[in-house]
Enquirer: 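Structure incoming, see below.
Note that the coordinates shown come from a computational prediction; the quantities given were computed from them, not determined experimentally.
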There are 2 protein chains.
Amino acid sequence: METKIKIHLADDHQVLIDGLLAVLKTNPLFEVVGFSLDGEGLVDRVAENDAHVLIMDINMPEKDGIQVLREFSEKGFTCKVIILSSYDDPKLIKEVIKLGASGYLTKQSAGESILDAIMAVYEGKQYFSSNIKDKIFDIFTENNHREALKAEDAIANITTRELEILGYICEEKSGRDIGELLNISPNTVETHRKNLMKKLKVKSSVGLVLFATKHNLINLNQ
Amino acid sequence: METKIKIHLADDHQVLIDGLLAVLKTNPLFEVVGFSLDGEGLVDRVAENDAHVLIMDINMPEKDGIQVLREFSEKGFTCKVIILSSYDDPKLIKEVIKLGASGYLTKQSAGESILDAIMAVYEGKQYFSSNIKDKIFDIFTENNHREALKAEDAIANITTRELEILGYICEEKSGRDIGELLNISPNTVETHRKNLMKKLKVKSSVGLVLFATKHNLINLNQ
DNA sequence: TTTTACATCACCAATTTTGGTGATATACTT
DNA sequence: AAGTATATCACCAAAATTGGTGATGTAAAA
């Protein structure tokens, strides 16, 4: 009897987990060695169970899929990762591929394609569902995405400090408020704000907020 | 042999459908008589197969769960509906209950609770997952909900002119710009802005933009 | 008819933002 | 060692925003 492929599932929707468990149980090649409802401690759990393949959602509480992927590459794990997400945003796809994911499926995909994906990545190949392939094609061809790419570049050039200040601006805080919160001079805050406006090519704080909301740089709640 | 409970599944995520199929297949009491990946023609398909229970997501292409529920009550169907959604927004829960749904589960729920829910609604009872029960409790105690209601009131009190100006503010236009666009004095524009800020209880234009985006008062594109 | 709501405008003072330039220190690359 | 990126701060002037009060005309509602 040959070794089964060890699989770990991570998704905050337990119905989906339970469904996948039922699906994977039908095939003797696969063995689900664990599952997680959030990203907290996920990397360790995967390592513990020595899973070959991790099937993971992006949106998870505590720690999202992006952060988990980052941790994986930092710690140099060899476990293959398949992203199973509702979203097919080209930016997101590009990001997870860059971070070393071996496959990407949307939740619109059929259950069977998951089995194919697992086989493929286990054998060291990559696997993308057809709609994701289309999106990837878009990234490399379409001029349509110019704007988005420009924005992406801009986002990439935002420093962590600037992002922090952007967050406070999006909470209706004034320059002075932010200065007090961070124990820096309001002048410094305004410098950061100006640099942000220049980088993001907007004309005012309103523009900053719009950019942040459009590109999900901040979370609107609280 | 007694009659099986006939079930129809509707969700735009096929992996979830496939998962649920696998789960439901384990129990001989249930029979899945059909499934749909969108809301188009869903009502007719459910009627055709004479399903007892419909398990449905809210977010679906073509026609969402709310519209489907509306159609159900218009046509007077007796098929029980269980909503299976990612969201637990009190407003949404209230809405679907009003529209006659018999159950509401979040996708965070365990797969087994779906079986319980099906049994319950088939017997004419209602079924809500525990986190949904909490939300319903919130609606009646109105702790959480107060904010939302306040916001709704505020929205209702915005005049059309104010809304128009809010739109321009959300396009990064200055008071003077807006005045020129509308052929009114910048002073008037600022008065409108001030009234808006007072009504919406925000401290700055940034607050206005946040309010507008949160409540979909404007469209972010262009 | 009186009241209320709406849109309009003005004036004012205090504060904030915007848009520059320039400087310093630290850390990291090449 | 020189260059680059980042975070820090200062100073300045112009422009915009904010927070008031008060006033007018119009239209709709009580």
Enquirer: Is it the case that over 12 heavy atoms from other parts of the model lie below 6.0 angstrom from the CD atom of A:E112?
Expert: no
Enquirer: With heavy-atom distances below 4.5 Å as the criterion, would you say the side chains of B:L182 and B:Y168 are in contact?
Expert: yes
Enquirer: Can you confirm whether A:F77 is buried at CZ, in the sense that more than 12 heavy atoms of other residues, nucleotides or ligands lie under 6.0 Å from that atom?
Expert: yes
Enquirer: How many Å lie between CD1 on B:I169 and C1' on C:dT17, as a whole number?
Expert: 16 Å
Enquirer: Roughly how far, to the nearest 0.5 Å, is the CD1 atom of A:I118 from the CD1 atom of A:I7?
Expert: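 Interatomic distance, A:I7 CD1 to A:I118 CD1, rounded to 0.5 Å: 3.5 Å.
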Enquirer: Got a salt bridge between A:R193 and A:E162, using NZ or NE/NH1/NH2 to carboxylate O under 4.0 Å?
Expert: no
Enquirer: Is A:K107 salt-bridged to B:D11, going by a charged N under 4.0 Å from an acidic O?
Expert: no
Enquirer: So, for B:Y104 and B:F128, is the gap between ring centers shorter than 6.0 Å?
Expert: no
Enquirer: Would you say the side chain of B:K133 lies within less than 4.5 Å of the side chain of B:Y127, judging by non-hydrogen atoms?
Expert: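 In short, these two side chains do not touch, never coming nearer than 4.5 Å.
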Enquirer: Does B:E71 pair with B:K75 as a salt bridge, N-O distance under 4.0 Å?
Expert: yes
Enquirer: For a quick check, with a 4.0 angstrom heavy-atom cut-off, what is the B/S/- contact string for nucleotides 5-24 of chain D, read 5' to 3'?
Expert: -SSBBB-----SSBBB----
Enquirer: Find the bend of the helix from C:dT1-D:dA30 to C:dT30-D:dA1 as the angle between its two terminal axes (five pairs each), to the nearest 10°.
Expert: 50°
Enquirer: Looking only at side chains, do B:D88 and B:T106 share a donor and an acceptor under 3.5 Å apart?
Expert: no
Enquirer: For nucleotides 23-29 of chain C, read 5' to 3', which letter fits each nucleotide if B means a protein heavy atom sits under 4.0 Å from the base, S means only the sugar-phosphate is that close, and - means neither?
Expert: -------
